[in-house]
Amino acid sequence: MDVDVLVVGAGPAGSTVAERLAHAGHHVVVVEEHARVGIPVQCAGLVSQRVLSLAESTSMVRTAVRGATVFGPSLGSVSFKAAEPRAFVIDRAGLDVHLADRAAHAGAEIRTSTRFDRLVRTEDGRSVVQLTGPSGERVELRARLVVGADGVSSAVARAFRLRRPVEILPAFEAEFPRSPGDVETVEVYLGRSISPGLFGWWIPDGQGGARVGVAVDADGTPARVYFDRLLAHLARRFGTPLANPTAFLVSGIPIGMIPRTYGPGVLLVGDAAAQVKPLSGGGIFTGMRCAQLAATVAHDALVRGDVSSTTLAAYDRAWRAELGEEFRRALYLRRVFERLNDADLDRLIAALQGSELAATIVAFGDIDFPTHVVRQLLRQSPSLVRLLPKALGAWVASGEGQVPPLEFDRRK
Ligand SMILES: Cc1cc2nc3c(=O)[nH]c(=O)nc-3n(C[C@H](O)[C@H](O)[C@H](O)COP(=O)(O)OP(=O)(O)OC[C@H]3O[C@@H](n4cnc5c(N)ncnc54)[C@H](O)[C@@H]3O)c2cc1C
């Protein structure tokens with residue numbers, strides 16, 4: 001079979017590309033290895049208004065969140081709350097189904113229980129790929145353009161020899177149908193013994209329960225071990241243990257910028273391209289936005305009949321122009337953060353407890369562009385800068401956009 005575009009993966013990034021290209025009149029096939037789009041869920045489902053705008057729907061929203069409480073390793077905390085919603089907890093499977101439905105309505109063919117296996121050869125400038133269909137049958141398909149939207153372990157990236165992200169943080173999450181806690185506030189847990197390298201989270205699910213998880217930069221210790229420690233922490237905090245989780249999720253979060261997200265006849269989008277916010281591991285907004293940019297460049301390339309590397313490079317330039325600076329700053333701050341021990345983290349929480357700083361977080365906090373608020377906080381509070389390496393002070397004092405050269409290697 002011949003198609004214009006083969007999209008591998010019916011997650012938010014894949015369905016966004018598929019919808020746009022099908023809408024523009026291209027013959028688009030989406031393959032999804034699972035039997036149902038959106039299942040299993042591998043996400044906490046906390047998103048900004050931007051995601052709802054990109055999806056043009058609020059149907060998947062479970063509840064709105066107005067604030068956050070960040071806990072240090074000794075359970076000292078800092079809280080802030082805005083007057084209006086700052087984020088939304090969504091039914092993540094609902095988002096994926098909604099986006100796949102939109103792609104199907106635009107004319108894309110969605111094939112579930114169908115896996116991309118490998119690139120077989122290139123023929124007349126087209127990629128001949130091998131798929132495995134619902135009954136285990138082998139299918140060959142020829143595509144002018146292949147879009148790898150197949151998530152963190154992207155088989156498309158491997159098949160087309162595009163290098164993978166440098167770091168994949170193991171994550172472990174569970175859903176608890178009942179939980180104490182403020183239904184309008186997410187909780188973030190810092191500490192090397194709970195979540196080295198990132199954080200643990202407690203997120204209200206809008207139905208009386210919570211999603212609890214960790215993502216860790218671990219030394220080979222399974223994320224589950226850290227998750228159990230977080231549960232013990234939460235039991236102390238709430239004065240009662242959380243009981244009867246209904247679903248577990250084990251996955252990975254790609255962190256870092258890969259050098260190339262395109263090649264001849266191929267584009268990578270979303271987690272496959274590591275388009276994930278380095279400070280939070282969130283990737284729905286960034287993946288969908290980059291998918292839109294990918295669709296624009298892909299459309300032009302298909303219309304011109306030129307899907308060469310040179311033409312598709314415009315996509316790589318476009319998404320880096322929009323998000324690259326934020327990612328670079330966030331990666332830098334992540335490295336600073338990784339150097340902090342538990343005592344430093346406790347001191348950081350204590351320093352943030354001033355009401356002025358909480359007001360700054362409320363004013364500048366944006367879950368999609370978190371480095372803005374960090375920079376503002378550091379500018380406002382010399383005591384915060386004193387806690388952190390010298391280079392950070394230089395960054396704060398420098399002009400907007402510059403990131404200081406790294407003065408240390410990652411601690412591993
Ligand atoms: C524990 C955890 C919590 C998270 N919480 C949040 C959050 O609160 N907010 C946020 O913004 N982000 C969050 N993320 C990140 C977010 O889930 C991802 O960034 C997002 O799902 C990326 O979308 P995507 O479309 O690129 O990939 P995915 O959603 O991973 O979709 C890829 C699709 O490709 C399919 N696929 C894979 N290989 C193949 C193949 N060979 N053939 C066919 N199909 C294939 C998969 O089945 C999947 O459906 C979280 C991640 C984790 C692990």
Side-chain angles (χ1 to χ4, degrees), residues 1-11 13-35 37 100 103-104 106-164 258-274 290-291 293-316:
M1 181 186 190
D2 273 27
V3 300
D4 291 327
V5 186
L6 170 69
V7 177
V8 182
S15 291
T16 300
V17 178
E19 191 258 333
R20 297 218 149 199
L21 290 176
H23 194 259
H26 303 289
H27 181 191
V28 180
V29 167
V30 181
V31 292
E32 167 53 52
E33 67 179 351
H34 289 109
V37 168
E109 183 192 333
I110 316 274
R111 295 192 198 171
T112 52
S113 302
T114 302
R115 191 181 66 232
F116 167 91
D117 287 327
R118 62 193 185 97
L119 171 70
V120 181
R121 61 184 177 279
T122 306
E123 199 175 271
D124 305 333
R126 288 170 191 237
S127 300
V128 181
V129 304
Q130 186 177 297
L131 310 172
T132 302
S135 318
E137 74 279 15
R138 291 271 163 86
V139 180
E140 272 195 7
L141 183 144
R142 283 181 5 134
R144 295 170 68 197
L145 178 68
V146 176
V147 178
D150 50 342
V152 59
S153 4
S154 179
V156 173
R158 279 198 305 278
F160 286 84
R161 297 179 189 282
L162 293 166
R163 264 173 57 201
R164 301 295 302 128
I258 63 173
R260 256 160 60 110
T261 53
Y262 66 95
V266 63
L267 295 175
L268 298 180
V269 291
D271 276 19
C290 293
L293 297 169
T296 304
V297 170
H299 171 64
D300 288 346
L302 290 164
V303 168
R304 285 163 50 185
D306 173 10
V307 291
S308 65
S309 244
T310 315
T311 304
L312 295 179
Y315 156 64
D316 201 276

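None of the values given here were measured: they were computed from a predicted structure. What you see below is based on every heavy atom in this structure, not just the backbone, and it leaves out hydrogens, waters and symmetry mates.
In this structure, Val303 and His26 have side chains that are in contact, with non-hydrogen atoms separated by less than 4.5 Å. Arg142 has its side chain within reach of Asp124: a pair of non-hydrogen atoms, C-beta onward, lies under 4.5 Å apart. Considering only heavy atoms from C-beta on, Pro134 comes within 4.5 Å of Thr114 through its side chain. Counting only heavy atoms from C-beta outward, the side chains of Leu162 and Thr261 never approach each other to under 4.5 Å. Residues Ser154 and Leu268 meet the side-chain proximity criterion, which asks for heavy atoms closer than 4.5 Å. Arg111 has its side chain within reach of Leu141: a pair of non-hydrogen atoms, C-beta onward, lies under 4.5 Å apart. Contact annotation: the side chain of Arg118 never approaches that of Val129 to less than 4.5 Å [non-hydrogen atoms, C-beta and beyond].
Between Thr112 and His34 the shortest heavy-atom distance is CB-O, 3.4 Å. Nearest heavy-atom pair across Leu21 and His299 is CD2-N, 3.7 Å. Closest of all the heavy-atom pairs between Val269 and Cys290 is CG1-O, 4.4 Å. For Leu267 against Ala294, the heavy-atom pair with the smallest separation is CD1-O, 3.9 Å. Across every non-hydrogen atom of Leu293 and Tyr315, the tightest pair is C-CD1, 4.0 Å. Across all non-hydrogen atoms, the minimal contact from Gly305 to Arg144 is CA-NH2, 3.7 Å.
In this structure, CG on Asp2 lies 9.5 Å from NE2 on His27, to the nearest 0.5 angstrom. Rounding to the nearest 0.5 Å gives a distance of 9.5 Å between CD of Glu33 and CG of Asp117. If you take CG on Leu145 and CG on Leu6, they are separated by 9.0 Å, rounding to the nearest 0.5 Å. For the atom pair Thr132 OG1 and Arg138 CZ, the distance stands at 5.0 Å (nearest 0.5 Å). Between the CG atom of Asp306 and the CG atom of Asp300 there is a distance of 11.0 Å, given to the nearest 0.5 Å. For the atom pair CG of Leu302 and CG of Asp4, the computed distance is 6.0 Å after rounding to the nearest 0.5 Å.
Of the possible polar contacts, one joining the Asp150 side chain to the Ala155 backbone as a donor-acceptor pair under 3.5 Å is found.
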